[in-house]
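Taking it in order: structure first as structure tokens, then the write-up.
Chain letters run A, B, ... following the sequence lines, proteins first, then strands; residues in each count from 1.
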2 protein chains.
Amino acid sequence: MESRSYNCFFQLATDIIGGKWKSMVLWALKKDVKRNGELKKLIPNISQKMLTQQLRELEGAGIVERIVYPVIPPKVEYKLTKSGEKLIPILEQLHDWGKEYAKNHDIKIVKDANCIIE
Amino acid sequence: MESRSYNCFFQLATDIIGGKWKSMVLWALKKDVKRNGELKKLIPNISQKMLTQQLRELEGAGIVERIVYPVIPPKVEYKLTKSGEKLIPILEQLHDWGKEYAKNHDIKIVKDANCIIE
DNA sequence: CGGCATCCTTAATGATACTG
DNA sequence: CAGTATCATTAAGGATGCCG
């Protein structure tokens with residue numbers, strides 16, 4: 001985490017959960033603890049590199065917790081922290097907004113194999 | 001607007017308002033109609049190129065309306081559409097989340113000159 | 001004032017191979 | 001399984017100049 005300076009709290013928030021993947025990772029974690037492999041299946045088109053990178057940054061921000069089990073083969077779980085959980089209701093509303101937007105604009109959802117949810 | 005295909009409504013939503021600038025532009029438009037120059041002052045570090053680009057994409061998505069007055073010198077106003085207005089309460093909650101996050105992590109806000117708000 | 005067009009630089013992401 | 005490292009590619013963004 002680089003400590004930038006922020007002009008307002010909104011900027012801070014978008015800096016933490018913005019970017020192409022972060023909110024989607026949080027969305028994938030909204031229900032349960034998830035393992036690396038599960039996340040890769042849940043999030044369409046994300047590469048291992050991007051997934052790891054985003055998870056590390058979210059962990060650094062205190063939004064996601066990484067739990068390592070010292071076993072072989074390796075087992076690592078990811079879960080939302082308290083702070084991260086507080087974001088979920090907001091993301092839900094964004095989801096609902098998208099649903100209404102899709103309705104109004106005749107946009108169809110086409111899930112490929114393992115969609116995130118709903 | 002390129003018509004992609006989406007796996008879920010959440011993905012659709014983040015595709016529309018995601019990216020480095022879009023949500024900030026919406027945030028800057030949350031109160032009143034704004035002109036190009038005002039937006040540039042309100043949004044820290046945005047270039048004219050990026051501002052125009054983001055506004056065009058938001059306009060294409062039906063989130064922002066562009067109103068051109070045929071006068072000299074040119075006058076152009078930007079305002080949220082109904083669809084765009086529905087996003088504001090959600091962005092407000094994101095703002096509030098950021099505020100609490102800042103409190104918990106001892107992050108200070110340093111406005112430079114013309115901050116967006118609050 | 002509010003752009004657009006062009007060129008150029010930098011940052012983000014992808015592909016592939018390898019490891020404990 | 002859950003990564004890391006390296007290299008190649010692509011996309012995002014900045015600088016400058018021009019225009020109605």
State which residues pass side chain to side chain donor-acceptor pair (under 3.5 Å) with B:Arg35; sequence neighbours excluded, sorted by chain then number.
-> none
Which nucleotides of nucleotides 10-20 of chain C have their base under 4.0 Å from a protein heavy atom (B), which only their sugar-phosphate (S), and which neither (-), written as one string 5' to 3'?
-> ---BBB----B
Difference in axis direction between the ends of the helix from C:dC1-D:dG20 to C:dG20-D:dC1, five pairs, 10° = 60°
In Å, rounded to the nearest 0.5 Å, how long is the span from NZ of B:Lys103 to NZ of B:Lys108?
-> 11.5 Å
Below 4.0 angstrom from OP1 or OP2 of C:dC1, is there any side-chain N or O of B:Arg35?
-> no
Give one of base, sugar-phosphate or nothing for B:Tyr78, where a contact means two heavy atoms less than 4.0 Å apart.
-> sugar-phosphate
Using a side-chain heavy atom cutoff under 4.5 Å and only I, L, V, M, F, W and Y, what cluster partners does B:Ile72 have?
-> none
B:Lys75: what forms a salt bridge (Lys or Arg N to Asp or Glu O under 4.0 Å) with it, not counting sequence neighbours?
-> B:Glu77
Cluster companions of A:Val110 among Ile, Leu, Val, Met, Phe, Trp, Tyr (side-chain spacing under 4.5 Å) = none
Go through DNA chain D in 5' to 3' direction and return only the first and the last nucleotide with some atom under 4.0 Å of chain B's heavy atoms.
-> D:dG13 to D:dG20
Mind checking what makes side chain to side chain donor-acceptor pair (under 3.5 Å) contact with A:Lys40, not counting sequence neighbours?
-> A:Gln48
To the nearest angstrom, how far is B:Gln48 atom CD from C:dC4 atom C1'?
-> 10 Å
Check: residues 80-89 of chain B side-chain donor-acceptor pairs under 3.5 Å, at least two apart:
| from | atom 1 | to | atom 2 | distance (Å) |
| --- | --- | --- | --- | --- |
| B:Thr81 | OG1 | B:Gly62 | O | 2.6 |
| B:Thr81 | OG1 | B:Ile63 | O | 3.1 |
| B:Thr81 | OG1 | B:Ser83 | N | 3.4 |
| B:Thr81 | OG1 | B:Gly84 | N | 3.2 |
| B:Lys86 | NZ | A:Glu100 | OE2 | 2.9 |

Rest of the hydrophobic cluster containing B:Ile67 (Ile/Leu/Val/Met/Phe/Trp/Tyr, side-chain heavy atoms under 4.5 Å)?
-> B:Tyr69, B:Val71
Name all residues meeting the side chain to side chain donor-acceptor pair (under 3.5 Å) criterion together with A:Glu92; count only those two or more places apart in sequence or in a different chain, and write none if there are none.
-> A:Lys30
Can you sort out the partners of B:Lys49 under side chain to side chain donor-acceptor pair (under 3.5 Å), two or more places apart, ordered by chain and number?
-> none
